[in-house]
Every structure is written in structure tokens, then in C-alpha cells.
There are 2 protein chains.
Amino acid sequence: MAATIKDIARRTGLGLATISKYLNGGHVLPQNQAAIEEAVRALDYKVNEAARTLKTRRTGYVGLVLPALTNSFIMEIVQQIQLDLRACGFGTALCCSAPGTDSIRRQTELEAIDFVLKKGVDGIINLPQNEDGVHLLKPLEMGIPVTLIDKQIPELADRISSVMIDNVGAARTAADELLNAGHRNILALFHGETNYTGRRRAEGFMDALRQRGYPVDPDRIIYMGTTSSASSLDLIREKIRQFRPTAIFAANFGLTSRTLEALEAEGLRVPSDVSVVGFDGVGVNDGYGVKLWSVMQPTVQIGSAAAQIMSEQITAAAQGNPLPPQVRTLQAQLLPGNSVRII
Amino acid sequence: MAATIKDIARRTGLGLATISKYLNGGHVLPQNQAAIEEAVRALDYKVNEAARTLKTRRTGYVGLVLPALTNSFIMEIVQQIQLDLRACGFGTALCCSAPGTDSIRRQTELEAIDFVLKKGVDGIINLPQNEDGVHLLKPLEMGIPVTLIDKQIPELADRISSVMIDNVGAARTAADELLNAGHRNILALFHGETNYTGRRRAEGFMDALRQRGYPVDPDRIIYMGTTSSASSLDLIREKIRQFRPTAIFAANFGLTSRTLEALEAEGLRVPSDVSVVGFDGVGVNDGYGVKLWSVMQPTVQIGSAAAQIMSEQITAAAQGNPLPPQVRTLQAQLLPGNSVRII
DNA sequence: CCTCCACAGCGAAACGTTTCGATGTACATA
DNA sequence: TATGTACATCGAAACGTTTCGCTGTGGAGG
């Protein structure tokens, strides 16, 4: 049987309250501190987190609610979040929505939130599937702080924190690269039109065109919507055949992968036939001679920022003066490759 | 303030013990069952997990201790483990060792184990870094069941469960593919010589050669040891120059990536110059025309099996009759590509 | 009719912590 | 000397569950 605070009290002759106070960072007489530490070592005392949680209503866990763990971008963030939360003493309760269609994903995201809530967490970090944030109403109502990563939910912007890159700027820089190389017939691929991130990146892309006085052809701005990965591959191939673009900008991880597949299927080579700027490091390292230009999100910083905000919110709330939500915007970086031909 | 079991008791007029019994699956009179359910709904009662844990010493969490989340192979397993554990009512406490050298990884794995132990978990699923299993002694001593994935630790084989593929068979199949295509000068790359998985795959590879009466050239069997990814790239390039192999077998995810980089750097093409069989789906989907033959591990099944074993062990132990450790071996599958030239 | 058993239900005592309000001490100030 | 203050310590009462051992009831078996 593990040692308890009572055993420490018995061994040191001190009261429970004193031990507890010291264990929680309070100040006690030097000789008592020494006695307590000796007893802790001798008895191999570990504080019982369950009892502490019961009393304080703090679990020391943060729920990390994500869509499927599908790409390196998410993974790197997850890893960093976990490391930083741990450094702050928080455990990370991982909870992914189930794979399937978008509608299933949205549904299971609600279940994922419910699950972490049932288990008990002090806060939630979320990469949302439900664009409207319905799934976050319950935690918010319960006073549990929420931090979003990668996306923003405008309806709830004043109640939740978020960490994102400057999507507009990132897309603008990517577009500039293609425009500087002389490309005018550019196919631009974005996620669904209702998708916050996708819309912002599309804005940035169009900004770049407009800034130079080039026309924006809405037909060449493709929103993938909620199509499956197979059908979006078909859509991309179709658009390639239709417009014969000299360049393609793919505005996220999946779209970049599918663009490469589509070009391969159409028998087109990068960059000789079509130039490409992609996202999130797809095709940057695969050893086939073509190294894609790629918008790289600072995953470590995103993860660290999310963990830090979360930790601050929780500790502030625990002391009774909850912090207002924070929004942090980081800069992405355009990593050079050899996938853009100058024309 | 959330409703408690006492509120249910007051509302229904029943005793605490009765409510608790019903909530834990016990049998009560039909009318009481109805009354309890009504009250639970009306008061929006949720059982307080902390109180339950305090009393039962079960936390409902499984610690998932991993090396860095670096590749899709691990991710898919993690995802599946998480889904299946959740279906059994368990939370997943993710805990990764910190990135860095192998020695740092081993050290931080100990810290990761300590952390989940401190937080309190009912079991641990682990992809070990420490080949000797030192990090698992403490949980084992505490009576916390451990399940390994991907690797095995012979010293502890009788005390912990594990889920792996048939590494020998998988490597043998891969080698057969190259041998059938007529290759004799094959470079074979494995992880460190002390690495259980690496050794088994090397055995399988050599088996295939011997079975056909071909000589095994130990110089062409490369163990990477604990080299960094940059220096192992150099090593591969050096060996390629030295032996001018017609084919390469790369026996894990990282080695396959580095093999492709090395070939690219050496100006060699797949499969015209060198044939390749890789591992874990690297190079299977990148849209450059070359699709690698690849040993695919059944990640979903591995994850499900690990979760299932864990759940069984925990529930059995909770009822006082702990189960003996289980070892489950699954079959990998050789996925065809176009990276092997017949000579 | 009596005994016995199975079964619901019950109260109370834990589980190990935190925290409130009170007590005691030492020391500075008037 | 009397008074006030700061501070370390303390006991006891929670927090919300599970579970042990008991009581009461209804019905089967003799």
C-alpha cells in the first residue's frame, strides 16, 4: 500500500495541513521542510492525484481532440503540445474522431468532446471539424477553456483562444513565387468554401493577383468542398485538362498530395510541364529529384503556443481570475524547392 | 454544482448503495431502475471519476508511451489504439519521449514512464526505446500491465504482452521478391544490431538467401546502429558505391526514406538502375511514377490487438485474477509496386 | 407452520487530499 | 507591561464514490 500524507504526518509529528501546504509550494519552517522531505524519500510518498482531483476539481489533464492523425503536420504539433503540457505538469488525453466521411467526422467529434468531458479535463485543445463550433458549446458552458489550433471559429472568437498561421500572408507569398516566375495560368486548390482556413488562403492568393492588377478567374479557384479524396483527385485531373495550367498552388497537405497524383496520372512532369507550390512539406523530401516549394507551418511554435495558452488559462482560472481568450498568429515560411520553372 | 449520487438518492428515495450498484451494472427492481434513470436524466448526473478512482484505485486511463511521432506507421497504430481503448471506456494518456539522440530518447523514455505512473494509469502500451526494458521494471513491480507494440523484449517476455508482425516472414517474403526477379547483388539495410526487430528482419532476409543456396555476404547486410539520420544516409551512399547493388532491401520506414535519398543523391534511378523493396508504405503514394514495393504492417490490427489485450488485462486484474501476458503475431503483407526490375 | 434462502435495499465507513477557521508563539511597538 | 501583528501549525470537515455487513421481505421446501 502506498504511503499517504498521514504517514508523513505520523513520521514527522507534524499536522496534515502543514504537509499539504508544503507539498503545494507553501512555506514551512526549515527543520520541518527537511523532516518532510526525509519522510517523503523514506516512504517513497507520491501524492494521490485522484484524491487531489476530488478535492480541487482539477484533473491535471488536457483533452487533445483531433481529426484523424493523418499527416506529419498534425503529428509534429501533437508531439510538441504533449511535451510542453507535460513540462507544465499536465497529462495529454488524446481523442480522435473516427475516420470516415466528413459528416461522420463531425458527428464523432462531438462524441470525442463528450468523452474527454466525461473523463474530466481542465481544458481542451482542438483542431475542429465542425466549422460552426457546436461541439464546443458544452465545454464552454462548463467553464472549461478551449484553444483551437490551425483554425478559427468566428462565431466563438470572443470566447475561445486560438493559434494559427497568417493564412492570408502565407498564400500571398506562395502566389507571389509563381507570379514572379512568370506564371499567369495558375490553378489554385483550397479546401471547402465553408472552411475558415481554406477561405483565408484563397483570399491571400487572390490578393496577390489583384495587387499586381491581374484578373482573378473564379473558375481557376477550386474549393474542394467535402468531397472524398478519390473524387477530389478526379476533380483536379478534370480541371488540369480543362485549363492546362502552367502552375498549381495546392493550399494544404492533402491537396498537395493529390495534386502530385493527378499530375502523375495525367502524365505531366514537375516542373517542366507544370510548376507546383504546395503546403506542409509534402514532396519536399522524397528523393526523386523534384523538391517541391512548400509553405511550411511552424509546427513546433504552434504546439508550444497552444500548450502555453492552455496552461495559462487553466492556472489563472484555478486561481479564480480567468484570463480572456488569446489569439496568436504565427508566420509560415515558404521553403524553396525546384518545382517552379521560370517562364 | 454537478449532481451527485446523493442527489439521486434524495430524489428517488433510495439508498446510496442501491444507486451505486445500479450505476455499476448491478440488478435492481424495475421500478427503481426507472426511477434512477429518470433522476439521472433530470439532474444531468455524471459519475465523478475522481471519486470513483479514489475509491477503486482504477483511473480509466492507459498510458501510451512512444518515441517521437515520426511516421505514418506509428500514427495509424496510435489512432487505432485510441479508438479501441475509448470504445472500452479507457482514456489514452499520450506521452512521447523527447526528440534527440538515441541516448536522450532512452533517457526520456524513463521520464515518460514515470510521468504516466505519477498521473496514474491502469496499464501501459509502449513502443520501447530501451531494448533491455529497464524502463518497464517499475510499472511491472507496481502490478501495472504492460503491452509492447512492434518490438519484443526477450528478458521480460514472460511478464509483458506484445503485439508484433512476423518479422522473419515479412523480410523473407521481401527478399524472395527480389530473388525471384533475378537479383543476386542485394544490399540489405536494418536498424541497429541490438534492435530486436532489426535482427529478426535480418534473419528472415538471410533465411531467404540460404533457402535457395545463395551465399550470405555479411558485408552487404548493414546494421545502422545508433547513427543519426544524416550519417546513415552517408553510410548508405558509401555502400552503394562500394557494392553497386542491383537491388536494395530497406527494412524499416526511416531506412526506406534514406535509401531513396541516397539513390537520388547518387544519380541512380528506380527501378532502371537499382530495384528497391521498402517498408511501411514509404514511396508508395507520391505521384512520381515510381511506386515502391513495400512491406505493409497491418496497423489497424496491431492497434486493435494492443488495445484489446490491454483492456482484457486490466479488467481481469481488477477482478483479482490477473491474466498471463499474451503475445500476438500478425502477418505483414508485401504490397506490389513497380520498383523491382526483372533481370 | 416453521425454517431457510435468495435477494433488494440500506447506512456507515472508508479512500487521501485540501482548506477553513482557530490556536499558539515570538517579537516589535507603544 | 500591555497590545498588536505576523506567521507556523493544527484539527476537522469536506469532496463523491464504493463496499462491507446488516436488515427485512417474500416465497420455496420440509
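At the heavy-atom level, Leu14(A) lies under 4.0 Å from the strands shown only through sugar-phosphate atoms. Residue Gly13(A) is in sugar-phosphate contact alone, with no base atom involved, counting any heavy-atom pair closer than 4.0 Å across all strands shown. No engagement by Tyr22(A) is indicated, since no non-hydrogen atom pair under 4.0 Å with the nucleic acid exists. Within the nucleic acid shown, Leu54(A) comes within 4.0 Å of at least one base atom, counting heavy atoms only.
As a whole-Å value, the separation of Leu16(B) CG from dC22(D) P is 20 Å. Taking atom CZ of Arg58(A) as the reference point, atom P of dT19(C) lies 7 Å away to the nearest angstrom. Here the C1' atom of nucleotide dG16(D) and the CG atom of Asp7(B) are 10 Å apart, to the nearest Å. Taking atom CZ of Arg52(A) as the reference point, atom C1' of dC15(D) lies 15 Å away to the nearest angstrom. Protein atom CG of Asn24(B) is 17 Å distant from nucleotide atom P of dG16(D), rounded to whole Å. We find that NZ of Lys6(B) is positioned 8 Å from C1' of dC15(D), with the value rounded to whole Å. In this structure, CZ of Arg10(A) is placed 11 Å from P of dG16(C), rounded to the nearest angstrom. When the C1' atom of dA6(C) is taken as reference, atom NZ of Lys21(B) falls 11 Å away, rounded to whole Å.
When the side-chain nitrogen and oxygen atoms of Asn48(B) are compared with OP1 and OP2 of dC15(D), none of them lie within a distance under 4.0 Å. Distances shorter than 4.0 Å separate none of the side-chain N or O atoms of His27(A) from OP1 or OP2 on dC7(D). Phosphate proximity of dC10(C) to Thr18(B): present, with a side-chain N or O under 4.0 Å from OP1 or OP2. Between Arg57(B) and the phosphate of dG16(C), there is a side-chain N or O to OP1/OP2 separation shorter than 4.0 Å. Taking only side-chain nitrogens and oxygens, Ser20(B) comes nearer than 4.0 Å to OP1 or OP2 of dT18(D).
One distance of note links OG of Ser162(A) with CZ of Arg328(A); it measures 10.5 Å at 0.5 Å rounding. Separation of atoms CG (Leu69(B)) and CD1 (Ile77(A)) is listed at 12.0 Å; rounding is to 0.5 Å. The CG atom of Leu64(B) lies 11.0 Å from the OG1 atom of Thr92(A); values are rounded to the nearest 0.5 Å.
Counting atom types as modelled, Lys55(A) pairs a side-chain N or O with a base atom of dA14(D) as donor and acceptor under 3.5 Å.
The cationic atom of Lys119(B) (NZ for Lys, CZ for Arg) does not lie both less than 6.0 Å from the six-membered ring centre of Tyr61(B) and within 45° of the ring axis.
Counting heavy atoms from C-beta on, the side chains of Met164(A) and Leu330(A) never come closer than 4.5 Å.
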